[in-house]
Amino acid sequence: MTSSAHHSRIFDLEPTNRNALEVRNLSIHYGNRIAVDRIQTALPLGSLTALIGPNGGGKSSLMKALLGLLPTQGHIHFQHSLENTTAYL
């Protein structure tokens, strides 16, 4: 990953029947600028996950997109609803 490309990459994980989160071909754009480019991942229930990367790499954009605060292209699926859930960014 290069900081000049402004792309975030997440390691592909094998999907299971018990994923807390599944993301497929997720992209986030700010005008012509690509913040996140076609990422895919599956996070198993009960797993501990860290999102790391350089400044401008799309980490905050990804978190905002997962919360529905940014428009996206692709698929985001949570095993359980986030309604009535407290979270901090």
Side-chain angles (χ1 to χ4, degrees):
M1 177 169 52
T2 62
S3 60
S4 62
H6 297 290
H7 293 248
S8 291
R9 304 245 184 240
I10 295 182
F11 297 107
D12 291 334
L13 301 175
E14 283 296 318
T16 68
N17 293 333
R18 303 282 300 159
N19 290 326
L21 170 67
E22 292 181 9
V23 176
R24 293 190 190 121
N25 297 316
L26 184 70
S27 296
I28 304 167
H29 298 247
Y30 294 101
N32 291 331
R33 184 174 173 186
I34 300 171
V36 175
D37 191 18
R38 297 177 308 231
I39 63 169
Q40 298 192 76
T41 194
L43 305 179
L45 284 168
S47 66
L48 178 63
T49 304
L51 181 61
I52 58 173
N55 291 344
K59 301 176 302 292
S60 293
S61 295
L62 176 60
M63 295 304 293
K64 291 174 185 175
L66 293 176
L67 293 171
L69 301 175
L70 289 178
T72 62
Q73 296 173 335
H75 173 80
I76 300 170
H77 176 75
F78 286 95
Q79 178 73 15
H80 301 285
S81 171
L82 293 180
E83 193 171 306
N84 300 319
T85 300
T86 302
Y88 301 95
L89 286 179

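As the structure is a prediction and not an experimental result, all values here were calculated from the model.
Residues Val36 and Thr72 have side chains not in contact (no heavy-atom distance under 4.5 Å, counting atoms from C-beta outward). Looking at heavy atoms from C-beta onward, Arg24 lies out of side-chain contact with His77 at the 4.5 angstrom threshold. For the pair Leu70/Leu62, no side-chain contact is recorded, criterion being any heavy-atom separation below 4.5 Å from C-beta on.
Expressed to the nearest 0.5 Å, how far CG of Asn25 lies from CD1 of Ile39 amounts to 10.0 Å. To the nearest 0.5 Å, the span separating CG on Asp37 from CD on Gln73 amounts to 9.5 Å. The CG atom of Leu66 sits 7.0 Å away from the CG atom of Leu26 when rounded to the nearest 0.5 Å. The distance from the CD1 atom of Ile76 to the CD atom of Glu22 is 12.0 Å, given to the nearest 0.5 Å.
A donor-acceptor contact shorter than 3.5 Å is absent between the side chain of Lys59 and the backbone of Leu51.
Paired with Leu43 under the rule side chain to side chain contact (heavy atoms under 4.5 Å, CB included), one option of Asn19, Val23, Thr49, Leu48 passes, and it is Thr49.
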